2 protein chains.
Amino acid sequence: MAIRYNTKQQKAVLSCLEKGRGASVTACELMERLRGEGFPVGLTTVYRQLEKLEMQGLIHRITTDEGSFYQYCDHPEQGDCFLLKCERCGRLEHLDCSHLKSLYDHLAEEHRFIINPRKTLFYGLCEICSQKEDAE
Amino acid sequence: MAIRYNTKQQKAVLSCLEKGRGASVTACELMERLRGEGFPVGLTTVYRQLEKLEMQGLIHRITTDEGSFYQYCDHPEQGDCFLLKCERCGRLEHLDCSHLKSLYDHLAEEHRFIINPRKTLFYGLCEICSQKEDAE
DNA sequence: TTGCGTGCAAAGGTTTTGCATGGCA
DNA sequence: TGCCATGCAAAACCTTTGCACGCAA
């Protein structure tokens with residue numbers, strides 16, 4: 001499963017995700033972005049590269065209620081960064097919070113469950129949308 | 001979007017989920033289960049009922065990397081029960097933990113993000129699988 | 001030259017939609 | 001009787017697979 005050959009498509013996929021670090025994109029968006037850069041890559045290849053890159057730990061795959069998103073992985077070892085998704089506006093947010101780390105430590109020690117922070121997604125209401133809800 | 005009519009199918013879907021409380025099922029499994037009970041319901045109807053029941057807050061829809069699961073909602077207001085999914089064996093686990101509640105309170109107060117615990121899913125390794133990983 | 005990578009087409013699976021019919025109120 | 005609910009078929013998606021060809025090593 002390891003990448004043996006260095007192909008142009010492979011580099012293009014990773015560098016495109018790297019350029020957009022901090023943002024999550026779908027496989028299809030990624031393909032369109034590459035096409036826009038004058039470097040068309042087949043959707044099948046995009047999926048296959050994404051799978052390989054995920055297994056190498058270079059990117060994350062985030063499964064949401066609106067499909068899969070992919071994102072460049074900045075901090076492979078970081079445990080105190082997490083992802084929030086607003087159920088109302090659909091936006092994905094990142095948050096660094098030390099409280100999370102201690103929860104994960106607690107889960108590992110007391111409940112023997114080792115959390116993967118790269119994949120875990122919190123659903124809820126973001127600040128803007130929760131204010132809107134109050135107003136209604 | 002409110003349910004206006006009380007149909008047999010509607011009651012069957014809800015009562016089937018209620019009977020299996022604590023467990024998560026896919027739409028397809030639910031249909032098969034109803035068929036097994038001698039009450040065949042079309043898959044389309046299952047999906048439409050699930051959507052309505054979710055909007056009423058009677059059930060949860062849990063989006064995982066292996067598709068959507070539905071589950072009867074026992075405690076609509078409860079904030080200290082959460083869902084874990086083992087990335088290796090795929091099993092869904094429930095866990096009551098007061099630590100979680102305090103994290104959610106912290107997020108609400110300090111980061112203005114209101115978590116929906118009914119939908120949030122933690123990915124990681126369960127006790128059994130983490131031991132297997134060590135053994136390898 | 002070897003064999004992995006690519007990309008098209010097709011298949012697979014899940015969820016949604018259109019439409020005629022059925023059934024609750 | 002009016003109108004929502006049902007269920008079949010089909011469509012719409014997203015993702016994976018098969019296969020012949022291309023290309024890196």
Side-chain angles (χ1 to χ4, degrees), chain A residues 1-17 24-56 58-71 85 87 90 92 119 121, chain B residues 1-17 24-56 58-71 85 87 90 92 119 121:
Chain A
M1 181 43 72
I3 292 178
R4 306 281 182 82
Y5 289 14
N6 277 320
T7 61
K8 294 172 202 166
Q9 290 89 339
Q10 185 189 111
K11 286 176 209 154
V13 167
L14 184 57
S15 85
C16 188
L17 281 169
S24 308
V25 293
T26 63
C28 200
E29 282 166 358
L30 189 52
M31 184 190 67
E32 284 162 5
R33 207 164 288 194
L34 289 165
R35 188 183 304 271
E37 291 178 4
F39 198 93
V41 176
L43 187 54
T44 303
T45 299
V46 170
Y47 275 110
R48 285 197 272 232
Q49 286 300 336
L50 288 172
E51 188 188 350
K52 288 176 186 174
L53 291 169
E54 190 197 0
M55 295 190 88
Q56 291 180 286
L58 295 173
I59 64 169
H60 318 169
R61 177 185 181 176
I62 306 150
T63 308
T64 83
D65 51 1
E66 294 175 312
S68 290
F69 289 81
Y70 299 86
Q71 182 164 40
K85 181 169 191 285
E87 289 184 90
L92 280 176
K119 197 161 182 181
L121 180 61
Chain B
M1 180 44 71
I3 293 178
R4 306 281 181 82
Y5 289 12
N6 277 320
T7 62
K8 294 171 202 166
Q9 290 89 339
Q10 185 189 111
K11 286 176 208 154
V13 167
L14 184 56
S15 84
C16 188
L17 282 169
S24 308
V25 293
T26 63
C28 201
E29 283 167 356
L30 190 51
M31 183 191 68
E32 285 163 4
R33 206 164 289 194
L34 289 165
R35 188 183 305 272
E37 291 178 6
F39 198 94
V41 176
L43 188 55
T44 304
T45 300
V46 170
Y47 274 110
R48 284 196 274 232
Q49 286 300 336
L50 287 172
E51 189 188 349
K52 288 175 186 175
L53 291 169
E54 191 196 1
M55 296 189 89
Q56 290 180 287
L58 295 174
I59 63 169
H60 318 169
R61 176 184 181 178
I62 305 150
T63 309
T64 82
D65 51 1
E66 293 175 312
S68 290
F69 290 80
Y70 299 85
Q71 181 164 41
K85 181 169 191 286
E87 289 183 271
L92 279 176
K119 197 162 181 178
L121 180 62

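Treat the numbers as computed from the prediction; the structure is a model and nothing was measured. Chain letters run A, B, ... following the sequence lines, proteins first, then strands; residues in each count from 1.
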If you compare all heavy atoms of A/Leu50 against all heavy atoms of A/Ala27, which two are closest, and at what distance to 0.1 Å? CD1-CB, 3.9 Å

Should A/Gln49 be listed as having a side-chain N or O under 4.0 Å from OP1 or OP2 of C/dT6? yes

Give me the atom names and distance for the closest heavy-atom approach of B/Tyr5 to B/Gln10. O-NE2, 2.6 Å

When you compare the protein's N or O atoms with those of nucleotides 13-22 of chain C, which come within less than 3.5 Å of each other, and at what distance?
from: C/dT15; atom 1: OP1; to: B/Ser68; atom 2: OG; distance (Å): 3.3
from: C/dT15; atom 1: OP2; to: B/Tyr47; atom 2: OH; distance (Å): 2.2
from: C/dT15; atom 1: O5'; to: B/Tyr47; atom 2: OH; distance (Å): 3.2
from: C/dT17; atom 1: O4; to: B/Thr44; atom 2: OG1; distance (Å): 3.4

C/dG5 phosphate, OP1 or OP2, under 4.0 Å from A/Lys52 side-chain N/O: yes

With respect to the phosphate group of C/dT6, does any side-chain polar atom (N or O) of A/Thr7 fall under 4.0 Å of OP1 or OP2? yes

Heavy-atom closest pair, residues B/Val46 and B/Val41: CG2-CG1, 3.9 Å

Go through the structure and list residues passing salt bridge (Lys or Arg N to Asp or Glu O under 4.0 Å) with B/Glu54, not counting sequence neighbours. none

Where is the tightest heavy-atom contact between A/Tyr70 and A/Thr26, given as atom of each residue plus distance? CD1-C, 4.4 Å

Which atom of A/Lys119 lies closest to which atom of A/Arg61, heavy atoms considered: CG-O, 4.0 Å

Phosphate OP1/OP2 of D/dC23 contacted by A/Gln9 side-chain N/O (<4.0 Å): no

CZ/B/Arg33 to CE/B/Met31 distance, rounded to the nearest 0.5 angstrom? 12.5 Å

Pairwise distance CG(B/Leu53) to CG(B/Leu17) - rounded to 0.5 angstrom: 7.0 Å

Rounding to 10°, can you tell me the angle the first-five-pair axis of the helix from C/dT1-D/dA25 to C/dA25-D/dT1 makes with its last-five-pair axis? 30°

Check the distance between C/dG5's C1' and A/Leu50's CG and give it to me in whole angstrom. 15 Å

Closest contact, heavy atoms only, B/Glu29 versus B/Ser24: OE1-O, 4.2 Å

A/Phe39 CZ to C/dG5 P, in whole Å, measures 15 Å

State whether B/Thr45 places a side-chain N or O below 4.0 Å from either non-bridging phosphate oxygen (OP1 or OP2) of D/dG7. yes

d(CG, B/Asn6; C1', C/dA25) in whole Å: 10 Å

